[in-house]
K.L.:
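Can you read through this structure? Questions will come right after.
Every value quoted in this text rests on a predicted model; they were computed, and no experiment measured them. Basis for what follows: all heavy atoms, side chains included, without hydrogens, waters or symmetry-related copies.
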Amino acid sequence: MKRFLLQVVVSFCFLPLWGQKDFSQIDSLIKQLLPESSEVGISVYDLTAKKPLYDYRAEKLSRPASTMKLLTAITALSRPEADEPFRTEVWHDGVIEHDTLQGNLYVVGGFDPEFDSQAMDSLVKKVISYPFSVINGQVYGDISMKDSLYWGHGWAWDDTPAGYQPYLSPLMFCKGTVRISVVPSTVQGDTASVSCQPVSSYYTLTNRTRTRASSAGKFSFTRDWLTNGNNLTVSGNVTSIRKDDINIYDSPRFFMHTFLERLRVEGIAVPPSYDFAELPRDSVKVEQMACWNTSVQKVLNQLMKESDNLNAEALLCRLGAQATGKKQVAAEDGIVEIMKLIRRLGHDPKDYKIADGCGLSNYNYLSPALLVDFLKYAYSRTDIFQKLYKSLPVGGVDGTLKNRMKSAPVFRNVHAKTGSFTAINTLAGYLRMKNGHEVAFAIMNQNVLSAAKARAFQDKVCAFLSL
């Protein structure tokens, strides 16, 4: 009887251990899969049981790359005005007499990062519905919402003309980029077919391609960016269909040039040029003519799924505007709000460095523990979590995780934000363990020149956590 009782007691004491994961397996993965010269920080938290599960250098500062977008989005979604759409408006300050608008037209930018050709056509359609065909005045772009700095602090100057680094402005048209599509000819040596979207006379195109001709040199897209020009050049050997996005210099001018161009196509006699000025809301009588709204969820989906830098910076700028009430804001106004939330979550903002909203800057420094605390906060707020969770890439399904995590147990189970640039790879988000518990995690790999190795490690850790 005593032996039986002893067995029961021993079994009871060790029962929790049998049901728990052996997290030393993650330690083994670190040693087996990562270069000795690299560094990694990991934080894992059980949201269901409300307790930490695993930490490895969780407080260590690292460059977050695009996981910085989580802090920007969560802080923006915590605002009372979070659901207000991004707006682009057209106003006039005159009167319509005898088929003529006697006055000025204003296009007021609200930093809509998803404003595209459809949106432009919608504004033009609403303007031409008014009973005039002549504008006897000036056409202005109002970009007063934001300061004139078109790139974030610490962005690399030589990343231009890549489409992921557009020139920031409250008036953005097609993300301030042009999509170039190249199709090889059926005849070897012939010039390839090149097309651009959106169509606008604001830029020019030079085609120096040849089909399946190695003598034509390496294939490339570029523009004369060193002189702030907008002559797009496609050159070299084309062996297959190629597509890429190139940024266009001076986003607000790209917007206004195309706006006037499309008004002219619709038969409106507009001034030969445009200028920039603030809408005089207080000094003269003004009337709104048209408005285009873009939902926050649409902006957030593109921001997270495709890691869109423009969308993150637009959200950061709007966060600053909502929090301060200023007519003109800078990135710093939004960063201040992120720092306030960092303090509310029990951290000292001085322990971290935030330079932009998207993570392009080399000056950002966060920790895995901080990322997880933001994820925990979002999870605790249903209004935030529902929007955020819907927007995150899903393992093996879409966004930046589409080509990763293709098999069980991580397939469709990991909802997380990726981050990457040279030698930096990060992953932070949510997953569900086999016992049904929801988990928040952050993995920050640094000094790993092979992105494939870092991602394979992250996927293995997520697979372990999912079992």
K.L.:
Distance check, rounded to the nearest 0.5 Å: Phe457 atom CZ versus Leu33 atom CG?
P.N.:
7.0 Å
K.L.:
Going by heavy atoms in the side chains, are Pro393 and Lys402 under 4.5 Å from each other?
P.N.:
no
K.L.:
Any donor-acceptor pair under 3.5 Å linking the side-chain atoms of Ser38 with those of Asn447?
P.N.:
no
K.L.:
Can a donor-acceptor pair be found between the side chains of Ser466 and Asn413 at a distance below 3.5 Å?
P.N.:
yes
K.L.:
What is the distance from atom NZ of Lys298 to atom OG of Ser391, rounded to the nearest 0.5 Å?
P.N.:
15.0 Å
K.L.:
Does any donor atom in the side chain of Arg455 or Asn445 lie under 3.5 Å from an acceptor atom in the other side chain?
P.N.:
no
K.L.:
Do Val296 and Glu84 come within less than 4.5 Å of each other through their side chains, counting heavy atoms only?
P.N.:
no
K.L.:
Does NZ in Lys390 sit with more than 12 non-hydrogen atoms of other residues, nucleotides or ligands closer than 6.0 Å?
P.N.:
no
K.L.:
Side chains of Asp27 and Tyr56 only: does a donor on one sit below 3.5 Å from an acceptor on the other?
P.N.:
no
K.L.:
Describe, in one word, how the ring planes of His347 and Tyr352 are oriented to each other, choosing from parallel (under 30°), tilted (30 to 60°) and perpendicular (over 60°).
P.N.:
perpendicular
K.L.:
Under 3.5 Å, is there a donor-acceptor pair between the side chain of Gln458 and the main chain of Asn425?
P.N.:
yes
K.L.:
Should we say atom CZ of Arg432 is surrounded by more than 12 heavy atoms from elsewhere, each under 6.0 Å from it?
P.N.:
no
K.L.:
I want to check something: taking the side chain as every heavy atom from C-beta on, are Ser78 and Ile384 in contact at a cut-off of under 4.5 Å?
P.N.:
yes
K.L.:
Could you tell me whether a side-chain N or O of Asp46 sits under 3.5 Å from a main-chain N or O of Ala49, the two making a donor and an acceptor?
P.N.:
yes
K.L.:
With a 4.5 Å cut-off on side-chain heavy atoms, are Thr48 and Glu438 touching?
P.N.:
yes
K.L.:
Give a yes or no on whether the backbone of Asp308 and the side-chain of Lys305 come within a donor-acceptor separation of less than 3.5 Å.
P.N.:
no
K.L.:
Any chance you could lay out the side chain to side chain contact (heavy atoms under 4.5 Å, CB included) test for Leu401 and Thr418, step after step, and finish with the verdict?
P.N.:
CA-CA 8 Å; Leu401 288 178; Thr418 60; 3.6 Å; yes
K.L.:
How far apart are the C-alpha atoms of Asn237 and Phe219, what are their side-chain angles, what is the distance that settles it, and do they pass the side chain to side chain contact (heavy atoms under 4.5 Å, CB included) test?
P.N.:
CA-CA 5 Å; Asn237 181 25; Phe219 177 80; 5.5 Å; no
K.L.:
Hey, would you say the Tyr167 and Phe254 ring centroids sit under 6.0 Å apart?
P.N.:
no
K.L.:
Tell me if the NZ atom of Lys376 is crowded by more than 12 foreign heavy atoms within 6.0 Å.
P.N.:
yes
K.L.:
Compute whether any side-chain donor of one residue and acceptor of the other, for Asn309 and Gln165, lie under 3.5 angstrom apart.
P.N.:
no
K.L.:
Would you check if the side chain of Ser185 reaches a backbone N or O of Thr211 as a donor-acceptor pair within less than 3.5 Å?
P.N.:
no
K.L.:
Does Phe23 have its ring centroid less than 6.0 Å away from the ring centroid of Phe464?
P.N.:
yes
K.L.:
Any ion pair linking Glu36 and Lys31 (charged N to carboxylate O, less than 4.0 Å)?
P.N.:
no
K.L.:
Going from NE2 on His153 to CG on Asn364, what distance comes out if it is rounded to the nearest 0.5 angstrom?
P.N.:
9.5 Å
K.L.:
Are any side-chain N or O atoms of Asp356 and backbone N or O atoms of Glu313, one a donor and one an acceptor, separated by less than 3.5 Å?
P.N.:
no
K.L.:
Please list, chain by chain and in numerical order, all residues satisfying side-chain contact (heavy atoms from CB on, under 4.5 Å) with Arg253, sequence neighbours excluded.
P.N.:
Tyr202, Asp250, Tyr274, Phe276
K.L.:
Working note: Tyr249 + Tyr203, criterion ring pair (Phe, Tyr, Trp, His ring centres under 6.0 Å); need CA distance, chi angles, decisive distance, verdict.
P.N.:
CA-CA 9 Å; Tyr249 177 68; Tyr203 61 85; over 10 Å; no
K.L.:
Looking at Thr204, Thr206, Asn247, Asn231, which one forms a side chain to side chain donor-acceptor pair (under 3.5 Å) with Arg223?
P.N.:
Asn247
K.L.:
Side-chain contact, heavy-atom cut-off 4.5 Å: Ile241 with Pro184?
P.N.:
yes
K.L.:
Could you check if a side-chain atom of Lys434 sits within less than 4.5 angstrom of a side-chain atom of Leu467, using non-hydrogen atoms only?
P.N.:
no
K.L.:
Is there a side-chain contact between Asn293 and Arg87 (heavy atoms, below 4.5 Å)?
P.N.:
yes
K.L.:
Should Tyr430 and Phe385 be marked as a ring pair (Phe, Tyr, Trp, His ring centres under 6.0 Å) after you check the CA-CA gap, both sets of side-chain angles, and the distance that decides it?
P.N.:
CA-CA 11 Å; Tyr430 305 97; Phe385 184 72; 5.1 Å; yes
K.L.:
Quick check: do Leu427 and Cys462 have side-chain heavy atoms less than 4.5 Å from each other?
P.N.:
yes
K.L.:
Which residue is it: Met444, Arg57, Glu59? I am looking for the one with a side chain to side chain contact (heavy atoms under 4.5 Å, CB included) to Pro368.
P.N.:
Met444
K.L.:
Begin from the C-alpha positions of Glu332 and Val336 and carry the test side chain to side chain contact (heavy atoms under 4.5 Å, CB included) through to its verdict.
P.N.:
CA-CA 6 Å; Glu332 185 60 31; Val336 166; 3.8 Å; yes
K.L.:
First locate atom CD of Gln322, then atom SG of Cys317, and finally report the distance between them rounded to the nearest 0.5 Å.
P.N.:
10.5 Å
K.L.:
Is there a donor in the side chain of Lys69 and an acceptor in the side chain of Ser307, or the other way round, less than 3.5 Å apart?
P.N.:
yes
K.L.:
Is a side-chain donor or acceptor of Lys218 paired with a backbone partner of Gly236 at a separation under 3.5 angstrom?
P.N.:
no
K.L.:
Step through the shown structure and confirm whether more than 12 heavy atoms of other residues, nucleotides or ligands are within 6.0 Å of CZ on Arg381.
P.N.:
yes
